[in-house]
Amino acid sequence: MIKLNRRIAALKGSATLAADARANEMRAAGIDVIPLAAGEPDFDTPERIKDAARRALAEGKTKYTAVSGVTELKAAIRHKLKRDNGLDYEIAEIIATAGGKQAEANILATLFDEGDEVIIPTPAWVSFSAMVALSGAQPKLVPCPEGDGFMLDPDRLRKAITPRTRGIIINSPSNPTGAVYSTEILEALAKVLLGSGIWVFSDDVYEHIVYDGSAPHIFQIEAGLKQQGIVFNSLSKTYAMTGWRIGFAAGPREVIAAAGRLQSQNSGNPNSIAQAAAIEALTGPQDEVGRMAGEFRARRDLVVERVRKLNGFRLPNVPGGAFYAFPNVSELIGASLGGKAITDGDSLAEVLLNEAHVAVVGGNDFGAPDHVRISYATSRENLNKAFDRLERTLARAKK
Ligand SMILES: Cc1ncc(COP(=O)(O)O)c(C=O)c1O
């Protein structure tokens with residue numbers, strides 16, 4: 001038996017990446033699986049961004065850069081935070097990272113110790129609790145009922161706070177629920193948090209994939225929170241740049257400087273070519289962002305309509321953003337399908353992969369075992385094909 005580090009030994013791999021990997025293995029074996037598991041836009045990265053990368057390569061921008069990213073990139077991020085979020089940050093308050101994941105993992109590791117608690121309203125993205133646990137802190141999962149649109153309210157927040165609470169993660173629009181927090185709820189949460197000594201993390205990676213107006217930002221609603229807050233963002237979803245691995249964090253300079261020291265030791269700068277592409281993405285014309293969001297809206301409408309017709313699926317809340325539907329499948333628990341018992345969302349996802357050749361992710365690791373997550377970051381044609389299969393397969397479910 002090899003003895004692993006205690007925290008790594010307890011670490012599970014990402015459920016979403018595992019579901020996607022299983023679908024890819026089946027595809028490689030010649031099975032026509034329709035993947036609705038990955039959180040990845042199907043669009044190609046816009047040409048102007050690829051051109052910037054080609055130019056960077058031709059100009060020999062192939063060397064180490066400043067660990068926290070080149071100044072032009074941090075200036076572009078600063079410009080974006082002002083333009084899109086109305087937030088003012090200095091260059092020294094910004095760090096560029098290898099994807100949003102690295103920004104979050106490094107900042108959490110920078111701030112927390114054993115004995116600290118970090119509040120995560122659930123259902124939540126699978127990596128939040130894993131990254132909190134890796135920092136040594138304890139994830140404090142706070143279930144938010146479907147009847148409240150899966151959103152945290154001030155009462156639940158107050159009850160979850162203990163003397164050990166050091167942070168809270170807010171993700172709006174949410175992966176996996178698509179919930180978008182309103183100005184009113186954010187105001188009420190901000191009142192509880194302001195001056196509490198609790199770090200407020202705002203994960204904004206889906207900010208531009210939103211269907212009714214825009215997603216309000218908690219630090220804009222309550223400017224005082226910026227002193228105790230960190231913005232997390234990424235170019236992955238907004239610009240269809242998942243493979244380029246560029247994300248960033250913005251917050252008080254001491255925290256950003258400390259996260260920079262960590263990054264200097266564990267990975268160094270984000271990819272130099274991707275940084276050049278990111279500068280173009282953030283500062284060039286932004287019309288493709290709205291175009292992609294428009295297509296996601298049409299898919300959202302299609303998915304809501306079709307999910308609601310599936311035997312045993314309920315979807316009371318229409319997702320207001322991101323590109324996921326998170327239907328409740330509790331009616332199917334206790335049923336059998338293809339000779340297999342359905343005990344939770346994860347077992348249903350497995351049966352659907354084997355019987356319908358459609359990959360979705362079970363809700364267990366999102367903190368909602370009675371649900372499955374369906375990603376609609378694929379063409380409407382593929383979605384219709386997938387729902388035809390799901391309809392036929394689920395009609396065979398027996399109680
Ligand atoms: C809520 C949320 N935050 C952050 C990320 C990180 O994205 P990336 O590391 O590709 O920038 C993801 C990706 O799925 C996400 O869903």
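Counting starts at 1 for both ligands and their atoms, in listed order. For the numbers below, each heavy atom of this structure counts, side chains included, while hydrogens, waters and symmetry mates do not.
Residues passing the salt bridge (charged side-chain N to carboxylate O under 4.0 Å, His left out) test with Glu184: none are found, sequence neighbours excluded. Remark: Glu104 pairs with no residue by the salt bridge (charged side-chain N to carboxylate O under 4.0 Å, His left out) rule, at least two apart or across chains.
A donor-acceptor pair under 3.5 Å links the side-chain atoms of Arg78 to the main chain of Tyr89, judged by distance alone. For the pair Arg308 (side chain) and Leu315 (backbone), a donor-acceptor distance under 3.5 Å is present.
Judged by distance alone, the side chains of Tyr239 and Gln286 do bring a donor and an acceptor atom under 3.5 Å apart.
Within 4.0 Å of ligand 1, the residues that place a heavy atom are Gly99, Gly100, Lys101, Glu104, Trp125, Asn171, Asn175, Asp203, Val205, Tyr206, Ser234, Ser236, Lys237, Arg245, listed by chain and number.
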Run the side-chain donor-acceptor check on residues 136-145: report pairs under 3.5 Å with partners two or more places apart or on a different chain.
from	atom 1	to	atom 2	distance (Å)
Lys140	NZ	Ala160	O	3.4

